[in-house]
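Input: a single structure, listed below in structure tokens.
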Amino acid sequence: MTVSLIILAAYLLDRLIGDPRWLPHPVIGMGHAISALEKVIRRQVRSDRGLKRAGILLPLIVAGGSFALAWALLHLLVWIHPWLSVGAEMVLIATTIASKGLKDAGMAVYRALQADDLAAARRELGMIVGRDTQQLEEPEIVRGTVETVAENIVDAIISPLFYALIGGAPLALAYRAVNTLDSMVGYKNEKYLHLGWASARLDDVANYIPARLTAAMLVVAAWMYKRDAARSWRTVKRDARLHPSPNSGFPESAVAGALGIRLGGYNVYHGVRSFRAYMGDWIRPLESKDIRHTIQLMFAVSSMFVGLCLLGAAGCFALGWVR
């Protein structure tokens, strides 16, 4: 019950203030640690086989270290005073989620489109996606924003809350470390194919259950907001596994079906054109309002998950299973 209340407080804290730039953020520390470890490994290891073995060490050290540091800090604070530990756990969990940051990023693109400032919309989108945005027209800018917000409902909200529910702040931070590793070294290119394989696989495993849970909650959220919940469910069943990621297709297809739009298609990365499987049906053109509607679904799903945590904990408490 206490963990669920801490999760609620952490979620509300993130909704209220997000990640202030002046506050040191654990993910920045994780990024520095990953970069430093990569330099050490590349100085010592030259062969592909050696890099593949070293790739196993990266998540063990970074994710394991994040868990251990958080666990040690919380136990030290408990020894000083229990309420210090509760407060610290709330803040640490809040740093692992990014509901406000995701909303702000999406709305920055939306506002630029509403002002008919395509150059600004491209710049704002370029800050949250890896694809080239310099030549994109409005429908493709909307598509990129909707895909990013939908995908990150899992990575930036539901997954860290899911692991916080299981193992508190230490496990939530370990998940965030895995996710950060995947974003930095989990690429199937010449540079990271061997060093990043373990990080990429672990991220896939970590997001497996949260991604499917998110898709189910998006269908419910579509019904709540009088979107097409039935089409959302059908689209998930038909299209989710077409995505190159084993997890990202679930929230993206659920959103596409709910809004009656088609996601996926051709993207350009560093000048190279690539195709991503379509999610949903082209029932109508993409419009800037789809960004706002996706953010609405995001908040519905995140609030739903926190509510389910509280209801489940209250039920267990009433039955005497937990204290």
Side-chain angles (χ1 to χ4, degrees), residues 14-21 25 27 97-159 179 183 214 218 221-222 225 227 232 235 243-245 248-271 273-280 282-303:
D14 178 69
R15 284 283 298 264
L16 183 64
I17 67 170
D19 297 315
R21 294 181 182 275
H25 200 285
V27 171
I97 56 181
S99 60
K100 185 178 185 298
L102 200 52
K103 180 207 76 172
D104 290 347
M107 289 304 294
V109 179
Y110 172 78
R111 285 190 294 270
L113 291 174
Q114 289 296 102
D116 293 322
D117 191 344
L118 278 183
R122 290 165 181 156
R123 285 195 303 272
E124 294 292 347
L125 177 61
M127 296 178 70
I128 57 174
V129 299
R131 70 193 70 173
D132 298 346
T133 63
Q134 298 89 342
Q135 305 300 321
L136 296 183
E137 297 301 323
E138 181 168 336
E140 288 299 297
I141 294 171
V142 172
R143 177 170 75 86
T145 309
V146 169
E147 287 173 351
T148 299
V149 172
E151 177 183 357
N152 279 284
I153 296 172
V154 178
D155 292 2
I157 305 174
I158 301 303
S159 283
N179 191 244
S183 68
T214 299
L218 279 166
Y225 283 102
R227 308 290 175 197
S232 178
T235 306
H243 198 284
S245 161
S248 298
F250 284 85
E252 288 187 27
S253 60
V255 167
L259 300 184
I261 57 177
R262 189 176 72 178
L263 302 176
Y266 285 98
N267 300 322
V268 178
Y269 298 92
H270 306 294
R273 199 164 182 247
S274 66
F275 178 76
R276 179 179 291 180
Y278 290 121
M279 305 275 119
W282 199 90
I283 295 171
R284 60 172 180 81
L286 284 152
E287 302 173 85
S288 61
K289 67 180 182 180
D290 292 317
I291 297 172
R292 191 163 42 84
H293 293 159
T294 304
I295 292 170
Q296 185 182 59
L297 292 173
M298 175 194 77
F299 280 131
V301 166
S302 56
S303 299

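Note that these values count all heavy atoms, side chains included, but never hydrogens, waters or copies made by symmetry. Along the sequence shown, residues carry numbers from 1.
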- Query: Looking at Pro285 and Asp290, what are the two nearest heavy atoms and their distance?
  - Reply: O-OD2, 4.3 Å

- Item | Heavy-atom pair with the smallest gap, counting every atom of Asp132 and Gly271 | OD2-N, 2.8 Å

- Query: Which value, rounded to the nearest 0.5 Å, describes the distance between Tyr110 atom OH and Glu287 atom CD?
  - Reply: 10.5 Å

- Donor-acceptor contact below 3.5 Å, side chain Ser232 vs main chain Ala254: yes

- Message: Donor-acceptor pair, distance only, cut-off 3.5 Å: does the side chain of Ser159 make one with the backbone of Asp155?
- Response: no

- Item | Close side-chain approach of Glu138 and Leu118, heavy atoms under 4.5 Å | yes

- Task: Report the C-alpha distance between Ile141 and Thr133 in whole Å, list the side-chain angles of each, state the deciding distance to 0.1 Å, and finish with yes or no for side-chain contact (heavy atoms from CB on, under 4.5 Å).
- Result: CA-CA 8 Å; Ile141 294 171; Thr133 63; over 6 Å; no

- Message: Apply side chain to side chain donor-acceptor pair (under 3.5 Å) to residues Asp14 and Ser99 and explain how you reach the verdict.
- Response: CA-CA 7 Å; Asp14 178 69; Ser99 60; 2.5 Å; yes

- For the side chain of Ser303 and the backbone of Ala300, is there at least one donor-acceptor N/O pair under 3.5 Å apart? no

- Query: Quick check: does any side chain N or O of Ser248 sit under 3.5 Å from a backbone N or O of Ser245, one acting as donor and the other as acceptor?
  - Reply: no

- Which pair of non-hydrogen atoms, one from Thr235 and one from Ser253, has the smallest distance, and what is that distance? CG2-O, 3.3 Å

- Message: Do Ser274 and Arg276 make a side-chain contact, defined as non-hydrogen atoms from C-beta onward lying under 4.5 Å apart?
- Response: no

- Message: How close do Leu297 and Ala258 get, counting heavy atoms only, and between which atoms?
- Response: CD1-CB, 4.3 Å

- Query: Under a 4.5 Å cut-off applied to non-hydrogen side-chain atoms, are Leu102 and Met298 in contact?
  - Reply: yes

- Item | Step-by-step side-chain contact (heavy atoms from CB on, under 4.5 Å) determination, Glu151 to Glu147 | CA-CA 6 Å; Glu151 177 183 357; Glu147 287 173 351; 5.9 Å; no

- Checking Leu113, Val129, Leu125 against Thr145 for side chain to side chain contact (heavy atoms under 4.5 Å, CB included), the one that qualifies is Leu125

- What distance separates Ile158 CD1 from Thr214 OG1, expressed to the nearest 0.5 Å? 4.5 Å

- Message: Looking at every heavy atom in both Pro251 and Val154, which two are closest together, and how far apart are they?
- Response: CG-CG2, 3.7 Å

- Message: Between Ile291 and Val109, is there a side-chain heavy-atom distance shorter than 4.5 Å?
- Response: yes

- Just checking, Arg131 and Tyr266: is the charged tip under 6.0 Å from the six-membered ring centre and within 45° of the axis? no

- Message: Just to verify, which of Leu218, Leu259, Val255 counts as forming a side chain to side chain contact (heavy atoms under 4.5 Å, CB included) with Arg227?
- Response: Leu259

- Message: I'd like to know if Asp117 and Arg122 make a salt bridge, using a cut-off of under 4.0 Å between side-chain N and carboxylate O.
- Response: no

- Task: Tell me, with the steps shown, if His243 and Glu252 meet side-chain contact (heavy atoms from CB on, under 4.5 Å).
- Result: CA-CA 9 Å; His243 198 284; Glu252 288 187 27; 3.5 Å; yes

- Message: Quick check for you: to the nearest 0.5 Å, what is the distance between Ile157 atom CD1 and Phe299 atom CZ?
- Response: 7.0 Å

- Just by distance, do the side chain of Asn152 and the backbone of Val149 share a donor-acceptor pair under 3.5 Å? no

- Query: For Arg262 and Gly280, which heavy atoms make the closest approach, and how far apart are they?
  - Reply: CG-O, 3.4 Å

- To the nearest 0.5 Å, tell me how far Ile261 CD1 sits from Trp282 CH2. 12.0 Å

